[in-house]
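All chains are named by letter (A, B, ...) in the order of the sequence lines, taking the proteins before the strands, and each is independently numbered beginning at 1.
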There are 2 protein chains.
Amino acid sequence: MLMIPSVREKLLNRLQISVERLEELLRVCFIVTHEKNEQIETNNRVFDRLGYIINGAVRTYYVNEKGEEISYLLQVNDDVIGDYASYITGEKSQVKIETLLKTEVLYFDRKSMEQLIQKDVFWLGFAKQISDLAFLSAKKRLDELFFYTPEQRYLNLLKKSPEILNKIPQKHISSYLGITPQSLSRIRKRII
Amino acid sequence: MLMIPSVREKLLNRLQISVERLEELLRVCFIVTHEKNEQIETNNRVFDRLGYIINGAVRTYYVNEKGEEISYLLQVNDDVIGDYASYITGEKSQVKIETLLKTEVLYFDRKSMEQLIQKDVFWLGFAKQISDLAFLSAKKRLDELFFYTPEQRYLNLLKKSPEILNKIPQKHISSYLGITPQSLSRIRKRII
DNA sequence: CGTTCAGTTGACTAAGGTCAATTCCCGTGG
DNA sequence: CCACGGGAATTGACCTTAGTCAACTGAACG
């Protein structure tokens, strides 16, 4: 698979597998380059693939009954995209995913993963690791919401992922923080 | 292992494994009966076991820098207890767990699970399933916090787990909802 | 009976929501 | 190059809800 070496490095580091195993995995992966503002997943269908953002930015969002869009996740380089709940349960996903920039994504399908597992039980351990990572990132987001106020959440984001604030329109950030654009604007004014 | 048949039924249903596999698992499990208001896990140590509540009620909580207790989870019959993040990462847990009633818990240690996996790869798939369940329950709690106001969260709890409201003091429930006892008292007054 | 602690209530504050108006930014077309 | 249009962001006025601090009530228990 055509891929610049630094991406392989990052994947090795993120997935904690050997070079040989990574090559084996990449053989069943595929890269898609999405344009800016492209809808890459629509709701009401089963999400049977997971993606790794090589570079770019996307948002994962819901549309509520009033037609308002609620950004559940904002993802940038090295983040994983998809709906892991739908991936494992086979139930339809309610989220949509769209790019906020031109974005390159490395995908793999659940079917491919299952075939790998058939061939070598190593990949079952790998699948468990993926699941553990999904759990840890859900817990991280949960803790953020449970323990911090919107203002503190904004400050945490500012500290941890300043690149998100540059790349992504404020209206999506406010939604991700669980507040209105007006409130975010006032928070920003307040903390100067 | 001594256990009333209905508990076996529940476990079969919850874990989705065969009777034989369940027996194999139970051989490495152990049951502990905790008294009411017993500290069953203390913080600052690695949680290397998971428990299944046969009957009773416990709370999983943090103590913040002001010495205030914050109930992260309230668990009753059929719920799983422990700190799955600590269990998989081997990092020290910050949570404490205490019983709110006399509580019977079925435990298994990580070491036992690893031994099972050594013997038969079936248990690796089982471990992945446990991980998936942990993810799904974290996501459920996350969604609850993200999409609903405290008042709506209280109404959801009232609807979904009325038994929790009977068993557990209000101060723990308010904390679990992310609000003060006073606010919960006012919410209750408001929704009559 | 008191003591104690959970729960409620009151008065006030602070933070976020809502609705509307205004300003800013940026791209497009004259 | 400038003027305009449209969406994003900000601001203002006002409302609602949760937090805080303090007082009070009530039930459990010795």
Side-chain angles (χ1 to χ4, degrees), chain A residues 35-39 57 59 61-71 74 98-102 144-158 162 164-192, chain B residues 35-39 57-59 61-72 74 98-102 144-158 162 164-192:
Chain A
E35 290 309 308
K36 182 174 175 175
N37 296 324
E38 192 183 321
Q39 189 84 23
R59 72 182 179 113
Y61 65 101
Y62 289 82
V63 179
N64 69 13
E65 60 294 343
K66 291 182 211 159
E68 296 159 344
E69 298 185 351
I70 298 163
S71 295
L74 302 176
E98 75 175 18
T99 57
L100 299 167
L101 302 172
K102 183 173 175 177
E144 191 79 7
L145 285 170
F146 188 61
F147 292 113
Y148 298 100
T149 64
E151 176 167 339
Q152 288 170 315
R153 293 204 286 272
Y154 176 71
L155 291 170
N156 292 346
L157 187 64
L158 201 59
I164 285 186
L165 304 189
N166 303 329
K167 287 181 183 175
I168 297 178
Q170 231 163 271
K171 60 176 180 167
H172 299 323
I173 294 170
S174 60
S175 173
Y176 171 76
L177 294 172
I179 57 178
T180 59
Q182 292 94 323
S183 289
L184 177 56
S185 178
R186 290 191 177 105
I187 286 173
R188 284 159 55 86
K189 198 176 174 185
R190 206 152 69 210
I191 65 174
I192 286 171
Chain B
E35 289 310 307
K36 181 173 175 175
N37 295 324
E38 192 182 320
Q39 190 83 23
V58 312
R59 70 183 180 113
Y61 65 102
Y62 289 83
V63 179
N64 68 14
E65 60 293 343
K66 291 182 212 158
E68 296 159 344
E69 298 184 351
I70 299 162
S71 294
Y72 189 71
L74 302 177
E98 75 174 17
T99 56
L100 300 167
L101 302 172
K102 182 173 175 175
E144 192 78 7
L145 284 171
F146 188 61
F147 292 113
Y148 298 100
T149 63
E151 176 167 338
Q152 287 170 316
R153 293 204 285 273
Y154 176 72
L155 292 169
N156 292 346
L157 186 65
L158 200 60
I164 284 188
L165 304 188
N166 303 329
K167 288 181 183 175
I168 298 178
Q170 230 163 272
K171 59 176 180 168
H172 299 323
I173 293 171
S174 60
S175 175
Y176 171 76
L177 294 172
I179 57 178
T180 59
Q182 293 93 322
S183 288
L184 177 56
S185 178
R186 290 191 177 104
I187 286 172
R188 284 159 55 86
K189 198 175 174 185
R190 207 152 68 212
I191 64 174
I192 286 170

K.L.:
Considering only C/dA6, D/dA8, C/dG16, which nucleotide approaches the side chain of B/Lys171 most closely?
P.N.:
C/dA6
K.L.:
If you compare every side-chain N and O of A/Ser185 against the phosphate oxygens of D/dA9 (OP1, OP2), does one of them come in below 4.0 Å?
P.N.:
no
K.L.:
Between A/Ile168 (CD1) and D/dG7 (C1'), how many Å, whole number?
P.N.:
18 Å
K.L.:
Could you tell me the separation between the OG1 atom of B/Thr149 and the CD1 atom of B/Ile187, rounded to the nearest 0.5 Å?
P.N.:
7.5 Å
K.L.:
My understanding is that only one of B/Lys189, B/Arg186, B/Arg190 makes a salt bridge (Lys or Arg N to Asp or Glu O under 4.0 Å) with B/Glu151; could you say which?
P.N.:
B/Arg190
K.L.:
Please work out whether the ring planes of A/Phe147 and B/Tyr62 are parallel, tilted or perpendicular, with thresholds of 30° and 60°.
P.N.:
perpendicular
K.L.:
Evaluate the criterion side-chain hydrogen bond (donor to acceptor under 3.5 Å, both in side chains) for residue pair A/Arg59 and A/Tyr176; output intermediate values, then yes/no.
P.N.:
CA-CA 9 Å; A/Arg59 72 182 179 113; A/Tyr176 171 76; over 6 Å; no
K.L.:
Once you round it to whole Å, what is the distance between P of C/dT18 and CG of A/Leu184?
P.N.:
15 Å
K.L.:
Provide, to the nearest angstrom, the distance between the CD1 atom belonging to A/Ile191 and the P atom belonging to C/dG16.
P.N.:
11 Å
K.L.:
Check the distance between C/dG7's P and B/Leu165's CG and give it to me in whole angstrom.
P.N.:
12 Å
K.L.:
Nearest whole angstrom, please: distance from the C1' of C/dG7 to the NE2 of B/His172.
P.N.:
13 Å
K.L.:
Whole Å only: how far is the CD1 atom of B/Ile179 from the P atom of D/dG19?
P.N.:
6 Å
K.L.:
Can you see if the side chain of B/Thr180 gets near the phosphate of D/dG19 - specifically, an N or O under 4.0 Å from OP1 or OP2?
P.N.:
yes
K.L.:
Would you mind classifying the nucleic acid contact of B/Arg186 as base, sugar-phosphate or nothing, using non-hydrogen atoms under 4.0 angstrom?
P.N.:
base
K.L.:
Please tell me if B/Arg190 has a side-chain N or O lying less than 4.0 Å from either OP1 or OP2 of D/dT16.
P.N.:
no
K.L.:
Counting only side-chain heavy atoms from C-beta out, which of C/dA15, C/dT9, C/dG17 sits nearest to A/Ser183?
P.N.:
C/dG17
K.L.:
Below 4.0 angstrom from OP1 or OP2 of C/dT8, is there any side-chain N or O of B/Lys189?
P.N.:
no
K.L.:
By nearest nucleotide on DNA chain C, pick out whichever of A/Thr149 and A/Gln182 is the more 5' one.
P.N.:
A/Thr149
K.L.:
Say whether, by atom type as modelled, one donor and one acceptor occur between the side chain of B/Thr99 and the main chain of B/Val58 under 3.5 angstrom.
P.N.:
no
K.L.:
Can you check the B/Phe147 CZ to C/dG17 C1' distance for me, whole Å?
P.N.:
18 Å
K.L.:
The side chain of A/Ile187 lies closest to which of these nucleotides: D/dA18, C/dG16, D/dT11?
P.N.:
C/dG16
K.L.:
Specify the separation, in whole Å, of atom CD of B/Gln170 and atom P of C/dA6.
P.N.:
12 Å
